[in-house]
Amino acid sequence: MRKLIIKLGRFWVVLGITLVSILLSLTAAWVMMEVTGVPQQDFLPRALPIAVIVLALVVPLVSWYLVGLFIRVHSLEAEMRQLASFDELTGVRNRRSFLDLASSYFEVARRNQQVFSLLLLDLDHFKFVNDNHGHLGGDAVLRQLGRQFLDITRKSDMLGRFGGEEFIFLLPETGADELSHFTERLHGVIRDDPIDWEEQQIHVTASIGITVFDQENCPESLNLLIKQADDALYRAKREGRNCSCRYSPTLAQMRWSDEPKRVNGETL
Ligand SMILES: Nc1nc2c(ncn2[C@@H]2O[C@H](COP(=O)(O)OP(=O)(O)OP(=O)(O)O)[C@@H](O)[C@H]2O)c(=O)[nH]1
């Protein structure tokens with residue numbers, strides 16, 4: 001039925017329903033006239049009220065079905081949109097959807113010279129989590145962290161799952177000064193809230209690579225900016241993990257303005 005409606009299009013479906021309803025009502029009226037033996041000249045005046053009554057029954061029934069169909073299609077559409085844009089496991093945006101959103105933002109921010117930050121967060125030694133607690137245990141970690149990251153970000157922030165155990169954040173209008181507080185919170189959430197899994201607690205840590213888009217650092221594309229964050233992340237891993245590193249454009253190539261920040265230690 002649904003396929004037929006889609007194939008015919010709205011106009012022909014509505015026309016078809018109207019004609020069929022009128023036909024049905026007149027047929028019903030005619031049958032009743034026959035049964036009760038009403039003479040032919042009285043058909044129209046007597047049939048009309050009956051036809052109207054039948055129409056009043058048919059139209060609500062058909063509308064009920066069609067409205068139900070519309071609501072179902074609408075909710076399926078919303079479900080599909082959710083599946084297409086969001087990662088099922090963590091509830092954050094998937095990579096493609098994040099990049100679409102971030103690319104649009106990047107162009108606007110670049111044109112208007114707005115400051116913003118990009119962070120890549122990668123869980124440390126996640127392979128061990130899977131090895132020790134099973135893949136489902138690993139999934140539970142990713143699920144809980146996704147929820148917590150969503151909780152601590154603002155509505156205007158963008159958050160996505162960039163890879164297996166890698167998350168990406170874009171924080172509009174956030175410069176280096178405000179970042180320290182945010183990365184502290186990120187490390188804190190990961191460190192202080194172990195994941196309960198099968199009567200055990202799973203402890204994880206993360207390394208974070210950061211880059212700030214501002215007057216001193218304005219690469220031409222989002223990809224270049226992500227590359228900077230990735231380089232910073234690589235550095236954080238090399239520095240022993242469980243810390244944040246920030247990319248510095250003022251120093252040549254891959255050098256760094258700050259010592260990497262240790263969690264529970266120095267500041268960024
Ligand atoms: N449970 C689970 N594991 C995943 C998922 N996606 C990726 N992984 C696992 O994440 C692990 C990533 O391992 P590696 O890339 O070696 O990195 P790592 O062990 O975190 O080590 P470092 O990043 O160097 O600290 C692999 O074991 C993947 O199987 C997922 O959706 N669920």
Side-chain angles (χ1 to χ4, degrees), residues 79-80 82-102 117-153 158-170 179 182-211 223 225-247 254 256 258-266 268:
E79 211 175 295
M80 271 171 60
Q82 169 82 15
L83 282 175
S85 305
F86 291 87
D87 175 53
E88 216 181 341
L89 180 64
T90 58
V92 305
R93 286 185 179 278
N94 60 30
R95 183 185 174 112
R96 199 195 59 206
S97 155
F98 173 89
L99 287 176
D100 283 350
L101 202 65
S117 300
L118 191 89
L119 285 77
L120 268 181
L121 180 152
D122 188 278
L123 297 176
D124 297 328
H125 299 305
F126 199 61
K127 191 175 173 320
F128 291 131
V129 173
N130 278 333
D131 290 347
N132 292 336
H133 302 277
H135 206 80
L136 291 180
D139 281 357
V141 173
L142 293 170
R143 199 177 300 117
Q144 175 163 320
L145 288 179
R147 260 200 314 269
Q148 287 172 321
F149 293 163
L150 282 170
D151 280 349
I152 64 168
T153 44
M158 293 161 221
L159 165 60
R161 186 176 178 195
F162 205 55
E165 17 70 274
E166 196 169 23
F167 291 85
I168 186 163
F169 299 76
L170 190 155
L179 260 181
F182 184 72
T183 51
E184 273 296 350
R185 283 191 78 189
L186 275 179
H187 282 297
V189 153
I190 299 166
R191 183 187 57 227
D192 301 337
D193 284 327
I195 291 91
D196 293 316
W197 176 251
E198 293 189 336
E199 294 169 13
Q200 287 186 33
Q201 290 202 319
I202 307 179
H203 293 265
V204 284
T205 61
S207 304
I208 304 177
I210 302 161
T211 186
N223 277 347
L225 203 67
I226 293 175
K227 170 83 172 64
Q228 292 179 354
D230 198 36
D231 290 343
L233 174 62
Y234 178 72
R235 157 94 173 190
K237 291 276 180 188
R238 264 203 356 231
E239 293 293 330
R241 297 176 172 77
N242 193 19
C243 65
S244 305
C245 269
R246 194 181 128 207
Y247 176 84
M254 275 292 300
W256 307 90
D258 305 311
E259 277 306 298
K261 179 184 127 189
R262 307 296 325 166
V263 178
N264 293 328
E266 307 149 38
L268 187 75

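Order of appearance sets the numbers: ligands from 1, and atoms from 1 within every ligand.
- Residue Gly138 has at least one heavy-atom neighbour below 4.0 Å for each of these atoms of ligand 1: 1 (N).
- The closest side-chain heavy-atom distance from Glu165 to Leu145 is not below 4.5 Å.
- Rounded to the nearest 0.5 Å, atoms CG (Asn132) and NE2 (His125) are 12.0 Å apart.
- Judged by distance alone, the side chains of Asp193 and Gln144 never bring a donor and an acceptor atom under 3.5 Å apart.
- Backbone and side-chain nitrogen or oxygen atoms of Lys127 are examined, and one is located within less than 3.5 angstrom of a nitrogen or oxygen of ligand 1.
- Only side-chain heavy atoms of Leu142 come within less than 4.0 Å of ligand 1; its backbone N, CA, C and O stay farther off.
- Between Asp131 and Lys127, at least one side-chain N (NZ, or NE/NH1/NH2) sits under 4.0 Å from a carboxylate O, which counts as a salt bridge.
- Below 3.5 Å of separation, one finds an N or O of Leu123 facing an N or O of ligand 1.
- Regarding atom 32 (N) of ligand 1, its nearest protein heavy-atom neighbour is Asp139 OD1, 2.7 Å.
- Listed by number with element, the atoms of ligand 1 under 4.0 angstrom from any heavy atom of Asp122 are 23 (O).
- Taking atom 22 (P) of ligand 1 as the reference point, the nearest protein heavy-atom neighbour is Lys237 NZ, 3.4 Å.
- Taking both residues in full, the closest heavy atoms of Pro194 and Arg191 are given as CD-O, 4.4 Å, listed atom of the first, atom of the second, then distance.
- The minimum heavy-atom distance between Thr90 and Leu142, with the atom names listed, is CG2-O, 3.5 Å.
- Comparing Asp87, Asn130, Val204 against atom 3 (N) of ligand 1, the shortest heavy-atom distance belongs to Asn130.
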Chi angles and distances behind the side-chain hydrogen bond (donor to acceptor under 3.5 Å, both in side chains) call for Ser207, Asp124: CA-CA 7 Å; Ser207 304; Asp124 297 328; 2.6 Å; yes

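- Atom 6 (N) of ligand 1 has its closest protein heavy atom at Gly164 CA, 3.2 Å.
- Assignment of Arg161 to the shell around ligand 1 is supported, since a heavy atom sits closer than 4.0 Å.
- From the protein, the heavy atom lying nearest to atom 24 (O) of ligand 1 is Arg241 NH2, 2.8 Å.
- The distance criterion of under 3.5 Å between nitrogen or oxygen atoms is met by Phe126 with respect to ligand 1.
- Salt-bridge formation is detected for the pair Asp231/Lys227: a Lys NZ or Arg NE/NH1/NH2 atom is positioned less than 4.0 Å from an Asp or Glu carboxylate oxygen.
- Heavy atoms from other residues, nucleotides or ligands lying under 6.0 Å from CD of Glu88 number 12 at most.
- Within ligand 1, counting atoms from 1 as listed, the ones closer than 4.0 Å to a heavy atom of His125 are 18 (P), 19 (O), 20 (O), 21 (O), 22 (P), 25 (O).
- Distance from atom 17 (O) of ligand 1 to its nearest protein heavy atom, with residue and atom name: Glu165 OE2, 3.7 Å.
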